Amino acid sequence: MAMEKTFNAAQAEGRIYEAWEQTGAFKAGANARPGAEPFCIMIPPPNVTGSLHMGHAFNNTLQDILIRWHRMRGDDTLWQPGQDHAGIATQMVVERKLAAEGQPGRRELGRDQFLEKVWEWKTQSGGTIINQLKRLGASCDWSRNAFTMSGAPGAPAGEEGNFHDAVIKVFVDMYNKGLIYRGKRLVNWDPHFETAISDLEVENIETPGHMWHFKYPLAGGETYTYVERDEDGNVLFEEERDYISIATTRPETMLGDGAVAVHPSDQRYAPIVGKLCEIPVGPKEHRRLIPIITDDYPDPDFGSGAVKITGAHDFNDYEVAKRGNIPMYRLMDTRAHMRDDGLPYAEAAARAQEIANGAAFTAAEVDALNLVPDHLRGLDRFEARARVIAEISHEGLAVMVPENDPRLGKAAHTPVAPEEGGDPRELSLVPLVESKPIMQPFGDRSKVVIEPMLTDQWFVDTAKIVGPALDAVRSGETTIMPDADRKVYFHWLENIEPWCISRQLWWGHQIPVWYDEDGTQYCAASEEEAIAMAGGKALTRDEDVLDTWFSSGLWPIGTLGWPDDTPELQKYFPTSVLITGFDIIFFWVARMMMMQYAVVGQKPFSHVYVHALVRDEKGKKMSKSLGNVLDPLDLIDDYGADAVRFTLTAMAAMGRDLKLSKDRIAGYRNFTTKLWNAARFAEMNGATGSDGTIPQPDATVNKWIIGETAKVRETVDEALAAFRFNDAANALYAFVWGKVCDWYVEFSKPLLLDGDDATRAETQATMAWVIDQCLILLHPIMPFVTEELWGTLGSRAKMLVHADWPDYTSADLVDAQADREMNWVITLIDAVRSARSQVHVPAGLHVPLLCTELDAAGQRAWDNNQAMITRLARIGEFTHVEALPKGCITVAVEGGSFGMPVADIIDVAEEKARLEKTLGKLEKELGGLRGRLNNPKFVASAPEDVVEEARETLALREEEEGKLRAALGRLAELG
RNA sequence: GGGUCGUUAGCUCAGUUGGUAGAGCGCUUCGUUUACACCGAAGAUGUCGGGGGUUCGAGUCCCUCACGACCCACCA
């Protein structure tokens, strides 16, 4: 059956993938030779809620290339797949789904029933991404598919893995070693999901904001002289004040102020340090007074130099409050609404005043006090802010400035000049409200403003486990590529902060800690153990679950069966390579390093390859809101998975973003077609059925292409070994298209069509072998089209996915003589074609070729390849002559001059111009070469081989120069 | 504010120990020859961001400036 003209990817890919799966081609250890080295990659587990985007496609293509390459080389290969339970994302998806279907919500269902719904959803929809990865061609061992929640209580049939056991065991062990602790700390709180999140889950984004300036009146109407001086102590400004000026971007937090702080060296406020001032909010009769304290934190040069201290709602203030034993009043509830609990405001404020006056207090007591005035309770924080501003301003306690104060910004107030009809009176005073961009924290998933909240949370004491993770990379035990990402890794780990690992969610690994009535902690793998530890007391379990990244951090050992000492763990751990995006170096890579060392005392992987982002063709990050997202599945539909994979591979230069365009993909789709047609040509000419034995042909061209194949095999192996994926792809592209298709297939035509039986047979055998080698070498990058051709071109013992990767070398297979000869042939053909084209010899015309001064090597090359040369250069009759006639196009090559006597059909002036142009280029090169060689320092200092090469090149160019000058001379005689 | 990376042909980018610049796309001209028009042949285009330094020799190493991107960060 004749082959189609193009590869039908849409029709073939599914069928081929199924064949791979049915034969167990991807199973751990498949195709391993006896005594094979293990090679293992852990997939960065996509979220169960995820669907394949371009980043996944890129990431998994690179992994698949390495996996397929190693598998074909006979290594004991495992690509471990799996999914992440993705706490927040999944809980969000399921909650939305319930809402959309009008079902009872999470709170109505209660914890157990809600979790049932989540598992139900996972069972139905969790496989989406797996099927999408299969469309890409990912050769994971799906029989080992893992899930970070497998084996958790309530997990349905099919989720019996022991990942949960591993997570719990790690928590208990780390708890017992003192690496995990619980404490009341200021943490990032997501008011939308009502949970704490870690620093990494906060995105600081510059947003337009305001800074308000308010007066905090001194207690009892006291006054002081406020003096500003310049550097030399000269008085710049002086006035009597009965207040201290405070700036804030968050006026609503004033309600929780515990003090006002100034720098100890700030002379302006020295007279009032230690005195009390009044928070200018709330019912007039219950105004709270707070102390003015000193702390190194305030910057005297910023704002007024005085800072309000709200320990429970700001990270800096928190530190100041801790240092100064300032009470931290929590103002908001879990949704970041103003608190609506506890004592009425009057009572709470009275107690707070006692504390401010020096009464002893406990953190718990302070936390219970609700200092939100009754009329603001229950309000959203932003609404409360607006009310506070309005009330203070109404009372006249905003700092007032002339309306043309530059701090107000241009847009705020533009006074109209009197001559233009403006009010001729003095500029009126307005509240000082600066409009300026402020960095605001947003939840990376919820996109709402994060609130610092004082809550009880669990932490990993990362400082205690960071050491080995740093040492391993410093020593090269684990390498991180490219180097820039290694630096990023160091920078973060060297400044590591405690990791908040508790989340106030339901979907996740519940923290294995129980409390008795007194609040004593019992950490154990099960409730029974905990009760036993407590001596049989009734216990309640901590409600919180663990940060998803806590479990992902155990991915390498967890997927291999730890804590059981499985054969897979013994064989594949530590794993070989991790391929991941730069965006999760902190989230995941660094934590895996720390956790694996903390738990099993070994590195999780030997190499980390960090890749960049896939962007759109303009360099913009792909995002749904911009509408510039390229869906890999659409691209696979349109161009085939191989084209998408090859494109990503060819663009995978280390450390650089890749800009993806459809044109580029189409170009590589064309490459698959090119390969397809080369194979089709081979098939049409009986050049199939290689058994893998390297042919030993006589014809130079056949020897040559075998040598070229060996060269590219070495290049590909070196490139892949160094994770230089783009080098591998480009080398193969250049070989298949530039060598095999452009030259070898063309050269083979006269041999296959007109050669004798022996020549035809050896050419068929060589071509069959070469095409097979192309398929093998390309298979890791383009698995589908190569597998299809592999099956089409012969009956094989094994599928291509398990074909033996070659190990022949250029030292074995490159025939230097053949190499020289074919390069000469190609140079001659190029030169003839170029000359013909430039002087406009009709493309179809077969012109006679004259030859003179041909040396022995040239003669032999000619004799061996005449049929190919005349065919490709469109030569008619070939004649040796003593000297080239005057009217002919001259082509100079090494060891001979060739001429085409076509003076009658071409323009002599044009040929003269052509020769002069060629000569011009040559002269330029000669100038450089002579310049260097005439420089005694060059000859003395440069390595001998460099000098020698320059001499040889000079000799060749001079020979060519002579021939071209001779040709010009003949042309001149012609007139 | 700190850090990292980038600036090479019209566009997108390669360029591994310093040896005298390449690819793909696009563009121009020609072409249907027994695989392929998702094709073939030929061709044009660069003071390798600016400046300085080291060297016989710098796109490549060092310094500096400019511009751009990204990451981290608590200036109220």
Side-chain angles (χ1 to χ4, degrees), chain A residues 3 5-7 199 204 211 246-250 253 261 297-299 301-310 314-319 438-439 441 452 482-485 487-488 491-492 495 582-583 585-586 612-613 617 619 621 639 643 650-651 653 655-661 663-664 666-685 718-719 722 724 726-727 730 733-734 738 741-742 745-746 749 752-753 830 833-838 840-844 871-872 874 925 928-929 931-932 935-943 945-947 949-950:
Chain A
M3 289 171 67
K5 279 192 173 186
T6 57
F7 172 53
D199 303 347
N204 291 301
M211 191 155 79
I246 302 287
T248 181
T249 54
R250 307 196 47 202
T253 65
Y297 163 61
D299 174 0
D301 295 326
F302 185 84
S304 69
V307 184
K308 64 194 236 15
I309 300 301
T310 320
D314 181 281
F315 286 97
N316 290 311
D317 294 4
Y318 176 71
E319 294 302 323
I438 53 173
M439 291 301 272
D483 206 47
D485 292 294
K487 290 177 188 168
V488 169
H491 185 258
W492 191 70
N495 298 286
F582 76 94
D583 50 334
I585 292 177
F586 306 145
L613 220 60
E617 54 198 314
K621 195 167 168 174
Y639 301 101
M651 297 176 77
R656 208 160 151 146
D657 287 346
L658 50 152
K659 295 179 191 160
L660 194 64
S661 73
D663 285 349
R664 193 80 187 245
Y668 290 117
R669 186 270 324 271
N670 296 352
F671 176 61
T672 68
T673 307
K674 191 73 178 172
L675 173 71
W676 180 267
N677 278 290
R680 182 162 171 261
F681 175 84
E683 194 262 351
M684 287 165 65
N685 285 280
E718 279 166 23
R724 302 178 65 91
N726 54 324
D727 283 357
N730 291 330
Y733 186 97
C741 293
D742 286 350
V745 168
E746 295 303 327
K749 286 176 182 172
L752 292 169
L753 295 171
D830 273 342
R833 281 172 167 176
S834 178
R836 291 175 57 122
S837 168
Q838 284 182 62
H840 303 111
V841 175
R871 181 188 180 92
L872 295 190
R874 309 221 135 221
E925 198 186 344
L929 284 164
R932 269 198 286 165
N935 181 347
K937 283 185 175 171
F938 171 71
V939 180
S941 328
D945 55 326
V946 172
V947 177
E949 195 190 323

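Naming convention: chains lettered A, B, ... in sequence-line order (proteins, then strands); numbering from 1 in each chain. All values reported here derive from a predicted model rather than from experimental measurement.
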Choose from [options] the nucleotide whose nearest atom is closest to any side-chain atom of [X].
X: A:Lys674; options: B:rA14, B:rU34, B:rA35; answer: B:rA35
X: A:Asp727; options: B:rA42, B:rA14, B:rA35; answer: B:rA14
X: A:Asp742; options: B:rG40, B:rG31, B:rC36; answer: B:rG40
X: A:Tyr733; options: B:rG43, B:rC36, B:rG24; answer: B:rG24
X: A:Arg724; options: B:rU12, B:rC36, B:rG15; answer: B:rG15
X: A:Lys487; options: B:rG43, B:rC70, B:rC5; answer: B:rC5
X: A:Ile438; options: B:rC71, B:rC36, B:rA76; answer: B:rA76
X: A:Gln838; options: B:rA42, B:rU20, B:rG31; answer: B:rA42

Under 4.0 angstrom, heavy atoms only, what part of the nucleic acid is [X] near: base, sugar-phosphate, or nothing?
X: A:Arg833; answer: sugar-phosphate
X: A:Lys749; answer: base
X: A:Arg932; answer: base
X: A:Pro943; answer: base
X: A:Asn935; answer: sugar-phosphate
X: A:Gly305; answer: base
X: A:Pro298; answer: base
X: A:Val307; answer: base
X: A:Asp830; answer: sugar-phosphate
X: A:Phe315; answer: nothing
X: A:Arg874; answer: base
X: A:Ala484; answer: sugar-phosphate
X: A:Phe671; answer: nothing
X: A:Thr673; answer: base

Nearest-angstrom distance, [atom1] atom, [N] to [M]:
N: B:rA21; M: B:rC13; atom1: C1'; result: 14 Å
N: B:rA76; M: B:rG18; atom1: P; result: 47 Å
N: B:rG10; M: B:rG26; atom1: C1'; result: 8 Å
N: B:rC63; M: B:rA73; atom1: P; result: 28 Å
N: B:rU54; M: B:rU64; atom1: C1'; result: 15 Å
N: B:rG49; M: B:rG6; atom1: C1'; result: 11 Å
N: B:rC39; M: B:rU33; atom1: C1'; result: 12 Å
N: B:rA41; M: B:rU4; atom1: P; result: 47 Å

Partners meeting salt bridge (charged side-chain N to carboxylate O under 4.0 Å, His left out) with A:Glu319 (sequence neighbours left out):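 A:Glu319 satisfies salt bridge (charged side-chain N to carboxylate O under 4.0 Å, His left out) with A:Lys322 only.
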If you go through the side-chain atoms of [X], does one of them form a donor-acceptor pair with the base of [N] closer than 3.5 Å?
X: A:Arg871; N: B:rU33; result: no
X: A:Arg669; N: B:rC38; result: yes
X: A:Glu746; N: B:rA35; result: yes

Residues A:Lys308 and A:Thr310: side-chain donor-acceptor under 3.5 angstrom: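 Present: a donor and an acceptor within the cut-off.
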Atom pair CZ (A:Arg669) and CG (A:Asp663), whose distance is rounded to the nearest 0.5 Å: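 Atom-to-atom, A:Arg669:CZ and A:Asp663:CG are 10.5 Å apart.
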Nucleotide forming a Watson-Crick or wobble pair with B:rG10, both distances under 3.5 Å: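 For B:rG10, the partner nucleotide comes out as B:rC25, under the 3.5 Å rule.
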Complementary nucleotide for B:rG59 - Watson-Crick or wobble, under 3.5 Å: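 Looking at the geometry, B:rG59 pairs with no nucleotide.
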Ring geometry between A:Phe586 and A:Trp492 (parallel below 30°, tilted from 30 to 60°, perpendicular above 60°):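 The arrangement is parallel - the two ring planes meet at less than 30°.
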First encountered from the 5' end of RNA chain B, between A:Val946 and A:Asn316: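 Its nearest nucleotide lies further toward 5', so the answer is A:Val946.
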Closest-nucleotide ordering on RNA chain B, the 5'-leading residue of A:Met651 and A:Phe681: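 Between the two, 5'-proximity favours A:Met651.
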